[in-house]
Structures are given as structure tokens and as C-alpha cells.
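Below, all heavy atoms of this structure are taken into account, side chains as well, without hydrogens, waters or symmetry copies.
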Amino acid sequence: MKRWFPYIRPYKVPFILGPLCMIMEVIGEVVMPYLLSIIINRAGDGTLTVSSSLGVMLLMILTAILMMVGGVGGAYFGSKASVNFAADLRADVYARVQTFSFANIDKFSTGSLVTRLTNDVTQIQNFVNTLLRMALRAPGMMVAALIMAIAMNPPLSVVFAVSVPVMLLAIGCIIRMSFPRFTRQQKKLDALNSTVQENITNVRVIKSFVREEHETEKFGKANRDLRDNAMAAMKVMILMGPIMTLFMNLTVLAVILLGGRFVLAGSMPVGDLSAFLTYVTQILSSLMMVTMLLMMTSRAMASAKRIREVMEEQPDITDDGAAYPDRTVEAGAVEFRHVTFRYYKNSEESVLSDINLTIPAGATVGIIGSTGCGKTTLVSMIPRLYDVDEGQVLVDGVDVRDYSLTQLRNGVGMVLQKNTLFSGSIAENLRWGDREASDEAMITAATHAQADKFVSSFSEGYDTLLEQGGTNVSGGQKQRLCIARALLKKPRILILDDSTSAVDTATEAQIRRAFREDLPGSTKIIIAQRISSVRDADLIVVMDNGRITGTGTHEQLLRDNTEYQEIYYSQTDREEA
């Protein structure tokens, strides 16, 4: 309850009024058969008149109104409480995910996080709504109806001593069977969501490789797994209905057989038997309600466990222990001291091994090397997208762990290998770099990134709406917009991770010139596959298999470094060919 009470406290009024309204409805449902039995008994013994029964009839009308008010009020307050509960919970889960590092996110699949934020929260919302409407209503009706039945005819009430324990035993067995099935169902839903997200995000690749049939088969398997597990869970639900109905009908039959004898013997009026049968139905219906509530509880518990896993996941990169939380990045000098890093902490093989590198403030540094040699991982250490396993990364002479994440990342701009744009206008995407940027500053940044020309050609200009992921612009246009976004931020450290691979060499040269003119004092780190992209850098770093194998200018490396020579001559020969 400690986990969930903060979501109840702000809405305690509807959380209290909902069950109270349900109690009002229960009182009406229990009183109504008794009032009706009075009318039936008077009709049976010939004493029924309008004048003698007017009070009872008026009381029945008032009871019906009470039941209506209670039912409507319970439904309204239950819905209000559960919807607000779910909205706050969903907001907190989303906020928690935003604090995760890459390593934390890697622990959960993207599809699983989506499922937890949507389906799992919805399951809990439905449970809270049902709980508020049934938690007091079902046991309240069962107890009240049982008291009324016993008071009306104690000998006939013996049937409950047999039927109720048997039904409770059946309910226990059903609940025990259902819980693991609902847990498996949610995991299969995770897998399906991951498949759908992957396929829709990469639909262009799928079509270009004519892999629709393969992906359809892959989706079909995930869909069948979910279907089979959902059916396994639903079989329990399906089984419950007939079993409960069978016990109810057998109990009603027993009451009719025994009660009929009492009526024939004159020891029980017909109206009392009619009311008793209604109470039997109410008692057994209440048990079915409890069963449904317990079934929803088992499903909600599975979802609650998955949500707790997200909420209790501890971000491995935080501001805790930051010695200078208010310090900002001022000069932009970067130093790596004996840095070692592993993605899998129990792995013997390191992605980065004993990296030592000093980058002066304001310098332009190129990093080049074979695919998978650790270039992107290395620069990801600067804004603490990952933390080192051994060694230190320093910015302006201060360990990056001593900055607050906000101050550190505000001083670093990144144009990633995978260029990401968000749904919204081009202007909204560019202002990710600076929310307060003027139109003039935005256009200047776009001009320096060689993006203004194609943006201006759109009929809506900078108000042109981008689809999710920027799929309605080309790869080169997407890269230039991402570069403009980074330029608008004016960071002290700018990291470009192969960010000009989709533009021609002439455009790339113009972008590099813009870096020098627009960010003259900023440190620029350029990861590239083409030597032409880093040839003019103040310092070029050559990496191979997670290690630095050489540093220097283009001329120095061309003279002394074997790996650099191989890259240079392979590209030169290719260009000449």
C-alpha cells in the first residue's frame, strides 16, 4: 500500500464516496425483497388493500430512488477515482523512465516499457474502478442478504452451510490457476509490441529488402503466442461462469424443494419464500462478484509487479555524489584518464581499454577507425550517457560525475549517428537546441547547417510538419536539420557522430566552415569514416579494437601510423578508381 497510497491521497473524496454510494445501493437491494414479500403475503391471505399497503409501496419507491442514486454515484465516483489514479501513475512511470540511463533502458525492451505504460496501467485502472464498486458492495450484499435469509427462516438457511464453502473452494482453485497465466500473457504482449514497433519503425528497410513475408510470419508467431496465452487465461474465466451458475442453480433448486415443503405445511408464507429465493440469488451473485474481483486482482497484481519493477529500478547514472552540482561547462576541455568500459559488466572483453586522451578547449578533434572499434562509446562518456567502469572522464578538469546531469548535458551538443527528429514542425524541432531562440537565430543556424535552402523551398517553410521520426525528409536533410539544432544550442562541446555521412563533400566542407565561424571557441569532436571529414582537424585520434593506436595531425599520422595509412590509401585508391 505504501507504493499506491500516494495516488489515492489526492482523490480521497471520490475514493470514499464511491464505496459509500455502493452501500446505499446494497441497502436498497436487501430491503426491496422484504418489502415485496409483505405485499405478496397480504395478497396471499386476502388482506391486501391500497390503503393498508400504500405506505409499503411508497417505501419501495423511495428504496428504488435510493438504489438509483447509489448506483449512479458509485459508478461516477469510481470512474473519477480510477481514471485520476491511473493518470498520475502513468505520469510517474513515464517520469521514472526519463531518469534511466542507456544501461537501465537496455534492461527493459522498448516494447515492454510501452506495454507497462499503457496496458499494465490500464489493468490497474480497471481493477481500482471495480474495487471501488465491488469491494464493499459484494461482501456487504452477501452478509446483509445472509442475515435477512437466516432471520426469515433459520432451518432453510442450512443450505448455505453446504453451497457457500464449496463455492469458496472452487474460487480458490480458479484464482490459483489464473495468476501465472495472466503474468505470461503480459510478457507475450511485450513481445508483440516490440515486434510491431520494430516493424513499423523500419518499414522502409523491410520493403527495400522485400522482407514483408518474413516479418509477417514473425508478427504472426508473436500474435499466435499472445492468442494462445490469452486463451489459456480466458479458459479459466470461461470455466468460472458455468461452475458458479451450476452451484447457484443447485442451491436455488434445494431452496425450492425444502421451502416448498414449508409453504405446504403452512410454516412459511409464499412471500417469504419468494424473498428468500431473492436473497439466495443475491448471496451467490455476491460470491460471483467476489470471484470476478479476485480474478481482476490476480491480473492487476501481475501488472502491478511489472510497474513496480520500473518504479524500483535504480538509475545507475544520477546526480548523487556530484561535488559541483551548480557548475557549468565553461571552456570545454576534455580528458580521458585510463578509461575502461564494458557493456556487460561480467564480460572479460572490454569495449574500451585504458583510454588516455587530452582534448584542449576549443580544439577540433577527429576520431577515425574501423566500425565497432568504440568511437561512439568513447564520446558517449562525455555527457554521461554511459559511465566508465574504470578511470575518469574530465571536463574542464572536473570529473563528469561531479557535475549535475543537467549542467553537464547543457554544455554538450550531440548529433548522433542515428538522426532523430520528432513529430511537429521544423521550427519546433530546431528549438530543441534553444527553446527561446528567435526566428532569426533559428534561420542563421539552419543556413550554417546548409538546411535553410531546402526548408525555404517547402510551402510552409519552417512551419512544415514533420512526421514521426522525420520520415518525410531525406537522410541528408534530416542530418542537416539535426546539425542546425545542435548549432542553435551553441554548446561548449559539440560531438558529431558520423553526422555528415549523407551529404556530399562540398556541403560537408561548408558545414565544417560553419562550425569554425559559428562556434569558434567550442570544442568540436568529429567521428567520421571519411578522412576528408577530419583531415583539417587540430588532432586526429585513430582507434582500433577499443584502443587508441595513434594521435596527431593528418601529416604525422600518414607518416607514422599504419592503421591511418591503410584507411587513407584505401579511400584514395577508391576515389581514384
Could you tell me whether the side chain of [Y] reaches within less than 4.5 Å of the side chain of [X], counting heavy atoms only?
X: Asn223; Y: Arg227; result: no
X: Pro14; Y: Tyr76; result: no
X: Arg409; Y: Thr406; result: no
X: Glu29; Y: Arg137; result: yes
X: Val473; Y: Leu421; result: yes
X: Val310; Y: Leu117; result: no
X: Ile382; Y: Met414; result: no
X: Phe276; Y: Pro33; result: no

Rounded distance [0.5 Å steps], [atom1] in [X] versus [atom2] in [Y]:
X: Thr63; Y: Met68; atom1: OG1; atom2: CE; value: 12.5 Å
X: Glu349; Y: Tyr343; atom1: CD; atom2: OH; value: 13.0 Å
X: Leu481; Y: Leu430; atom1: CG; atom2: CG; value: 6.0 Å
X: Ile39; Y: Leu35; atom1: CD1; atom2: CG; value: 8.0 Å
X: Thr251; Y: Ile256; atom1: OG1; atom2: CD1; value: 11.0 Å
X: Met57; Y: Ile38; atom1: CE; atom2: CD1; value: 11.5 Å

Heavy-atom neighbours of [X] [atom1] exceed 12 at 6.0 Å:
X: Phe422; atom1: CZ; value: yes
X: Glu213; atom1: CD; value: no
X: Glu312; atom1: CD; value: yes
X: Arg9; atom1: CZ; value: yes

Discussion item. Name the residue from Ile283, Leu146, Val26 that meets the side chain to side chain contact (heavy atoms under 4.5 Å, CB included) definition with Met141.
Written reply: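 Only one option passes, and that is Val26.
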Minimum heavy-atom separation for [X] and [Y], please, with both atom names.
X: Arg133; Y: Gly74; value: CG-O, 4.1 Å
X: Gln125; Y: Ala86; value: OE1-CB, 3.3 Å
X: Gly70; Y: Met22; value: O-CE, 3.4 Å
X: Leu156; Y: Gly259; value: CD1-N, 3.7 Å
X: Ile124; Y: Ala304; value: CD1-CA, 3.7 Å
X: Ala81; Y: Leu132; value: CB-CD1, 3.5 Å

Under a 3.5 Å distance rule, please check whether [X] uses its side chain to pair with a backbone N or O of [Y] as donor and acceptor.
X: Tyr279; Y: Val30; result: yes
X: Lys489; Y: Val412; result: yes
X: Arg116; Y: Arg306; result: yes
X: Asn119; Y: Thr115; result: no
X: Ser285; Y: Gln282; result: no
X: Ser303; Y: Gln123; result: no
X: Arg485; Y: Trp432; result: no
X: Thr278; Y: Ser274; result: yes
X: Asn129; Y: Ser82; result: no

Discussion item. So, using side chain to side chain contact (heavy atoms under 4.5 Å, CB included) as the criterion, who are the partners of Pro139 when residues are at least two apart?
Written reply: none
Would you check if there is a donor-acceptor pair between the side chains of [Y] and [X] at a distance under 3.5 Å?
X: Ser101; Y: Asn104; value: yes
X: Asp88; Y: Tyr11; value: yes
X: Asp319; Y: Ser404; value: no
X: Tyr7; Y: Asp92; value: yes
X: Asn153; Y: Asp272; value: no

Fill in: Derivation and outcome, salt bridge (Lys or Arg N to Asp or Glu O under 4.0 Å), residues Arg431 and Asp434
CA-CA 5 Å; Arg431 285 196 171 99; Asp434 181 0; over 6 Å; no
Worksheet item: Parallel, tilted or perpendicular: which fits the ring planes of Trp4 and Phe85, with parallel below 30° and perpendicular above 60°?
Response: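 Tilted.
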Worksheet item: Between Asp228 and Arg224, is there a side-chain N and carboxylate O pair less than 4.0 Å apart?
Response: no
Item to complete: Evaluate the side chain to side chain contact (heavy atoms under 4.5 Å, CB included) criterion for residues Asp316 and Asp387: first the C-alpha distance (whole Å), next the side-chain angles of each, then the deciding distance (0.1 Å), finally the verdict.
Response: CA-CA 8 Å; Asp316 64 343; Asp387 263 346; over 6 Å; no
Practice prompt. Go through the steps for Arg90 and Asp120 under the test side chain to side chain contact (heavy atoms under 4.5 Å, CB included), then give the verdict.
Written response: CA-CA 10 Å; Arg90 190 179 295 110; Asp120 283 319; over 6 Å; no
Practice prompt. Please find out if less than 6.0 Å separates the ring center of Phe77 from that of Phe15.
Written response: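 Aromatic pair excluded; centres sit 6.0 Å or further apart.
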Discussion item. So that I know where these two stand, are Tyr386 and Phe341 an aromatic pair - ring centroids less than 6.0 Å apart?
Written reply: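 Yes, close enough.
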Item to complete: Any chance you could lay out the side chain to side chain contact (heavy atoms under 4.5 Å, CB included) test for Leu253 and Leu257, step after step, and finish with the verdict?
Response: CA-CA 6 Å; Leu253 181 60; Leu257 290 173; 4.2 Å; yes
Discussion item. As a quick check of understanding, evaluate side chain to side chain contact (heavy atoms under 4.5 Å, CB included) for Met67 and Met24, giving each step before the final call.
Written reply: CA-CA 6 Å; Met67 292 168 60; Met24 288 173 57; over 6 Å; no
